[in-house]
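Okay, structure first, notes after.
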2 protein chains.
Amino acid sequence: MCAVRARAICTAISPTMRDQYGQEGRTDTLRKGQTLVWEGEYLHLAAIVVAGVLKLSISLSDGREQIVGVVYPADFIGRPFGDRSQVSATALTDAQVCIFPQTAFDRLLFEQPDFGRRLLEHTLEELNRTRRGMLLLGRKSAPERIASFLLEISRRLGESQPQPQAALDSFELPLDRQQIADLLGLTIETVSRQLSAMRAAGLIRLPGRRTLEILDRRQLLELSGDHLENL
Amino acid sequence: MCAVRARAICTAISPTMRDQYGQEGRTDTLRKGQTLVWEGEYLHLAAIVVAGVLKLSISLSDGREQIVGVVYPADFIGRPFGDRSQVSATALTDAQVCIFPQTAFDRLLFEQPDFGRRLLEHTLEELNRTRRGMLLLGRKSAPERIASFLLEISRRLGESQPQPQAALDSFELPLDRQQIADLLGLTIETVSRQLSAMRAAGLIRLPGRRTLEILDRRQLLELSGDHLENL
DNA sequence: CGACTAATTGAGTCGCTTCAATAAGCGTGG
DNA sequence: CCACGCTTATTGAAGCGACTCAATTAGTCG
């Protein structure tokens with residue numbers, strides 16, 4: 001039995017169908033840094049993340065990279081009507097994904113109306129997150145970006161726990177400094193300086209490279225620049 | 001007979017249904033600057049743009065604004081499962097929109113499977129555009145942003161003509177300089193300087209405030225920083 | 001413990017912004 | 001139809017936030 005089934009998009013598939021399609025899927029292990037889907041390539045699979053965290057990224061012709069999404073357990077990767085993928089999907093940590101061939105995926109969309117609705121709902125949420133990403137990148141200062149990032153990741157890490165819970169105050173960062181920079185449209189040095197400044201201000205602790213603890217969530221929220229009523 | 005029906009999402013509705021639902025819709029005229037949907041308010045309508053151009057925007061607590069999408073004729077505004085809207089939708093030009101109550105819209109989703117698929121397809125395209133927006137805002141320089149913007153708008157204006165056609169070389173900008181700045185994450189002065197530089201370089205002409213002519217599309221493409229094989 | 005990689009910190013530069021002044025469109029009314 | 005006045009855009013000069021380049025420190029893993 002799959003660890004994320006209760007929360008993943010699979011809940012929209014009838015039990016009978018699920019067993020039937022279960023045959024076509026396989027569970028795959030990804031090592032940190034491994035790329036599941038390449039930007040520009042024809043998509044021939046769809047996947048549900050069982051464990052670990054992945055990034056979705058786009059690059060420019062000279063290699064600059066922007067992370068356009070972070071994918072957590074129970075989240076979904078891929079799209080129907082298998083076109084060229086506009087993004088790469090790469091494991092930020094070792095990960096387990098449940099992979100289906102594109103054909104099975106497209107078929108599901110026609111045979112299970114609930115599946116389409118669930119997928120639409122998921123896509124609309126991802127669209128909202130991406131739009132907030134545009135706001136962050138277009139209009140927020142470096143401190144605001146870091147504050148927003150910490151709040152977002154603490155919430156999503158909490159949600160994607162085996163037992164979903166509220167935003168975590170202490171957690172391991174699945175991204176290194178370069179990846180945080182690629183997500184926030186900054187450089188590695190600016191990320192580092194801002195984190196140090198927040199530590200100095202008593203907003204966070206940094207017990208290790210990848211470990212982070214939020215000490216003053218309220219002040220992070222104010223620092224983020226967002227309308228407070230949104231959270 | 002509606003001017004954009006042949007291209008809009010309505011094509012996914014059976015003729016019988018279309019007439020039935022047609023009763024519930026109304027055509028509305030928006031003046032330039034008028035807001036159809038407010039950020040944070042509960043959504044009670046869905047709309048198809050018949051004529052004119054709208055912006056989708058999000059703001060920060062101190063009023064800074066980011067445009068996260070531009071909506072052209074035959075495009076769609078709204079979402080099912082009517083939640084709070086995360087964006088405002090405001091007319092950039094005088095516009096005509098075909099408006100449906102949220103209830104009729106949600107019903108369509110259950111009664112017409114093709115409608116759901118079409119909506120999903122539309123949402124996936126919007127997601128791709130928004131992700132490219134993140135790339136632009138996070139990693140492109142001011143000249144690259146302007147070049148990308150000019151190419152994008154010329155293509156979308158062409159597509160949304162009554163008779164859809166290739167990218168236009170000469171067109172009216174539906175956005176003023178401030179709105180271009182809010183879309184590209186720049187200031188009005190930077191937008192103006194970059195446009196002047198491009199005019200000086202012979203890439204474009206600017207016969208009037210709002211009129212723009214592309215003289216060297218190929219060079220704009222190279223300036224945009226994107227992978228050339230993408231367009 | 002030692003070596004390698006990742007992160008931090010510092011100094012200087014640059015691109016975009018800010019603030020301020022000028023110019024150009026464009027609609028209006030004489 | 002042109003002149004006027006208002007709005008929008010352009011241009012200039014100075015400032016600053018984030019970047020670049022370089023050196024140092026701190027984790028982490030064998």
Side-chain angles (χ1 to χ4, degrees), chain A residues 31-33 60 62-66 92-94 136-150 172-201 203-213 223 225, chain B residues 31-33 60 62-66 92-94 136-150 172-201 203-213 223 225:
Chain A
R31 307 296 296 273
K32 186 201 278 203
L60 291 176
D62 65 357
R64 278 171 288 171
E65 177 175 314
Q66 177 65 43
L92 291 173
T93 64
D94 291 345
L136 180 146
L137 293 171
R139 289 304 185 211
K140 286 186 181 177
S141 68
E144 290 169 336
R145 292 180 199 199
I146 298 285
S148 304
F149 164 72
L150 294 179
E172 293 295 299
L173 290 165
L175 301 84
D176 64 27
R177 298 293 188 270
Q178 181 60 60
Q179 289 159 345
I180 297 173
D182 287 340
L183 177 64
L184 302 183
L186 299 169
T187 58
I188 193 173
E189 294 95 334
T190 300
V191 171
S192 183
R193 274 186 255 270
Q194 297 301 333
L195 285 174
S196 298
M198 284 186 175
R199 181 185 49 193
L203 302 183
I204 58 172
R205 290 203 324 127
L206 292 164
R209 282 194 229 242
R210 294 287 194 129
T211 319
L212 196 137
E213 189 181 345
L223 241 177
Chain B
R31 307 296 297 271
K32 185 200 280 201
L60 292 176
D62 66 357
R64 277 171 287 171
E65 178 175 314
Q66 178 64 44
L92 292 171
T93 64
D94 290 346
L136 181 146
L137 293 170
R139 289 305 184 209
K140 287 186 181 178
S141 69
E144 289 170 335
R145 293 180 198 199
I146 298 286
S148 304
F149 164 71
L150 294 179
E172 294 294 300
L173 289 165
L175 302 83
D176 65 28
R177 297 294 187 271
Q178 182 59 61
Q179 289 159 345
I180 297 174
D182 287 340
L183 177 63
L184 302 183
L186 299 170
T187 58
I188 193 172
E189 294 96 331
T190 299
V191 171
S192 184
R193 274 186 254 270
Q194 297 301 334
L195 285 173
S196 297
M198 285 187 175
R199 181 185 49 194
L203 302 184
I204 59 172
R205 291 204 323 128
L206 293 163
R209 282 192 228 243
R210 293 286 194 131
T211 319
L212 196 138
E213 190 180 344
L223 240 176

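Just so we're on the same page: letters track the sequence lines, and every chain starts at 1.
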A/Lys32 atom NZ is separated from C/dT5 atom P, nearest whole Å, by 14 Å
Can you tell me if the side-chain N/O atoms of B/Thr187 get under 4.0 Å from OP1 or OP2 in C/dC16? no
Any salt bridge between B/Arg139 and A/Asp182, counting N to O under 4.0 Å? yes
Of all the choices, C/dA7, D/dA9, C/dC16, which nucleotide is nearest to the side chain of B/Thr190 once you look at every atom? C/dC16
Taking atom P of D/dG27 as reference, at what distance in whole Å does atom CZ of A/Arg205 sit? 12 Å
Just wondering, do B/Ile204 and B/Glu213 contact through their side chains at under 4.5 Å, heavy atoms? no
With hydrogens left out and only the distance checked, is there a donor-acceptor pair under 3.5 Å joining A/Arg193's side chain and the base of C/dG10? yes
Within the structure shown, what part of the strands sits under 4.0 Å from B/Ser196 by heavy-atom distance: base, sugar-phosphate, or nothing? sugar-phosphate
Flag the pair B/Arg64 and A/Glu144 as a salt bridge only when some basic side-chain nitrogen lies within less than 4.0 angstrom of an acidic carboxylate oxygen. yes
Identify which one of B/Gln178, B/Arg177, B/Arg145 satisfies the side chain to side chain contact (heavy atoms under 4.5 Å, CB included) criterion when paired with B/Val191. B/Arg177
Nearest-Å distance for atom pair CE/P, residues B/Met198 and D/dT11: 14 Å
Atom pair distance, as rounded to whole Å: CD in B/Gln194 and C1' in C/dT17: 13 Å
Take atom CZ of A/Arg209 and atom C1' of C/dT8, then tell me their distance rounded to the nearest Å. 11 Å
Whole-Å distance separating the CD atom of B/Glu172 from the P atom of C/dG25: 14 Å
Atom CD of B/Glu189 to atom P of D/dA14: distance rounded to whole Å? 16 Å
Whole Å only: how far is the CG atom of A/Leu195 from the C1' atom of C/dA6? 13 Å
Respond yes when some side-chain nitrogen or oxygen of B/Arg199 is under 4.0 Å from OP1 or OP2 of D/dT11, and no when none is. yes
Side chain proximity check, B/Asp176 to B/Arg210, heavy atoms < 4.5 angstrom: yes
Walking DNA chain C from its 5' end, the first of A/Arg139 and A/Gln178 to be reached, judged by nearest nucleotide, is A/Gln178
When we call it a touch if two heavy atoms are under 4.0 Å apart, what does B/Ser192 touch: a base, just sugar-phosphate, or nothing? base
By the 4.0 Å heavy-atom rule, please label A/Arg145 as base, sugar-phosphate, or nothing. nothing
